[in-house]
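First the proteins, then the strands, lettered A, B, ... as listed; each starts at 1.
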Protein chains: 2
Amino acid sequence: MSRSLKHVEIREYVRGLVEGSAPGTAAPSERDLVDRFGVARMTVRQALDALVGEGVLERFPGRGTFVAGPRRTPTGVASFTEDMARRGMVAEARTLAAEHVVAGERLARALQVVPGTPVVHWRRLRMADGRVVCLSDAYLDHGRIPGLLDALPASLYVELGARGTRPTWAEDVLTAGIATPDEATLLEVPGGAAVLRHNRRALAGEVVVEVSRTVYRGDAYTMSLQLSS
Amino acid sequence: MSRSLKHVEIREYVRGLVEGSAPGTAAPSERDLVDRFGVARMTVRQALDALVGEGVLERFPGRGTFVAGPRRTPTGVASFTEDMARRGMVAEARTLAAEHVVAGERLARALQVVPGTPVVHWRRLRMADGRVVCLSDAYLDHGRIPGLLDALPASLYVELGARGTRPTWAEDVLTAGIATPDEATLLEVPGGAAVLRHNRRALAGEVVVEVSRTVYRGDAYTMSLQLSS
DNA sequence: TAGTGGTCTAGACCACGAA
DNA sequence: TCGTGGTCTAGACCACTAA
């Protein structure tokens, strides 16, 4: 039994008709859909309203309803793996540490846990197409990601997604600086090299799921951002 | 004559009722509004749909309609002046150059003009609370901002807003590097100091309104970003 | 002029939540 | 039980666009 609402049925019918069509292609008129489905016009409008809200269709009074062009979407919360994939590169990681540590004052506050709570610390050297790009330290509340250290995932965000806590919101801070001697060694750059530091607090809903510090080689990484309004 | 549509009148009435109310406060029920305005319920729903879409109200079936909590909004397209104001600091600028130049190949492509077009170049040293923070070079299509150089505004984006072409979309690229000797002199930092480079292409709708390169002192500027989804 | 989307009416039945 | 929002009907008139 796939009992479905009429406006949902109409919406999905139109979505199917329209997907793959070039922007500007005419969608069925509201009265066409009224005849086809034998419903009231308000019901058809409810279906089309949803598609217009999603950016699938555009309405032009007096002309009709048409397939909308692709919407520009601002940069979202992405992981290193996804960031590299978008550039057509393959991300790799070498785990340098995967351990439990006790959260100090600042880390505890950032992670929304009480100081002294055991926290997962995961340090990775990250590569893109085999070249060293950055060094990242991620901290996660152990209680919210049980067993993470037992089977380290290839992509943290994908793993969090599978657990239903993929970050939907991130508070990032970016600064430019000089690599410390340890960073320079790990990143394989000379002393005095420029690095891009990227600190993140990632939330899923209202819950902090990750606090991380990443140090990028200035000569091997550029950060791209699309911002709207 | 302020002939206004009924759903608009109801929407603004409810918006006025609700603004300043604590999140969770009950809004009038749909049937209350039907009685008060003497309209059909579909009209009331159209008004409330708009407020729900804006994030002003939330509906809970079986319970009612309530004032929504403040929405988290991702970082938008802001100018240096606005960026500093958000931190409670006062932005200042010292203009180092304000001139017409001829667009070369790359700049012309970025600005969507034909090579050889006269373009405005505006170089400023920027301060926050009196401290030097960055050096910025902005390029604008002279034809789209006539007279800009005759009366240099305090904030470029505010001026563009007044002309109806404030950027609504930005494509930013961030890198970390070492200050060149010239940059070091202007930014008042020693040789070898780290800088954050910020290149921007800002659009209003589909039109490129600004192409800029900004060099921030690594020790005097941190970039904050909020990202969603 | 014919067709389109925008607005609006005056009802109806339903599932759900709170009392 | 009563009030709420969710869904739906079968019309209507309007302004606008394109032919």
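- For B/Leu57 and D/dG5, the CG to P distance is 10 Å, given to the nearest whole Å.
- For A/Arg31, whose side chain is taken as the heavy atoms from C-beta onward, the closest listed nucleotide among C/dC8, C/dT4, D/dG6 is C/dT4.
- Aromatic rings of A/His142 and A/His100 (six-membered ring for Trp) have centroids within the 6.0 Å cut-off, being under it.
- In the model, A/Tyr139 has no side-chain atom that pairs as donor or acceptor with a side-chain atom of A/Arg213 under 3.5 Å.
- Looking at B/Thr95 and B/Leu152, their side chains come closer than 4.5 Å, going by heavy atoms from C-beta outward.
- Atom-to-atom, CD of B/Gln46 to P of C/dG5 comes out at 16 Å; the value is rounded to the nearest Å.
- Counting to the nearest Å, the C1' atom of C/dG6 and the CZ atom of A/Arg63 are 16 Å from each other.
- For A/Thr43 and D/dT7, the shortest distance from a side-chain N or O to OP1 or OP2 is not below 4.0 Å.
- To the nearest angstrom, C1' of D/dG3 lies 17 Å from CZ of B/Phe60.
- Between A/Glu210 and A/Arg144 no salt bridge is recorded (no basic side-chain N to carboxylate O distance below 4.0 Å).
- Rounded to an integer number of Å, the gap from CG of A/Asp49 to P of C/dG5 is 12 Å.
- Here B/Ser29 does not reach the OP1 or OP2 of D/dG3: none of its side-chain N or O atoms lies under 4.0 Å away.
- Nearest-nucleotide positions on DNA chain D for A/Gly62 and A/Met42 put A/Met42 closer to the 5' end.
- Going from atom CD1 of A/Ile10 over to atom P of D/dT7 covers 12 Å, rounded to whole Å.
- In this structure B/Met42 satisfies the side chain to side chain contact (heavy atoms under 4.5 Å, CB included) test together with A/Met42, sequence neighbours excluded.
- Listed pair B/Arg45 / D/dG6 meets the phosphate criterion, a side-chain N or O lying under 4.0 Å from OP1 or OP2.
- Between the CD atom of A/Glu58 and the P atom of C/dT4 there is a distance of 18 Å, given to the nearest Å.
- Comparing C/dA10, D/dG5, D/dT17 against the side chain of B/Arg59 picks out D/dG5 as the nearest.
- For B/Glu30, taking side-chain heavy atoms from C-beta onward, the closest of the listed nucleotides C/dC8, C/dA18, D/dG5 is D/dG5.
- Checking C/dG5, D/dC8, C/dA10 against the side-chain heavy atoms of A/Thr65 singles out C/dG5 as nearest.
- As a whole-Å value, the separation of B/Leu33 CG from D/dT4 C1' is 13 Å.
- Under 4.0 angstrom from either OP1 or OP2 of C/dG11 there lies no side-chain N or O belonging to B/Arg41.
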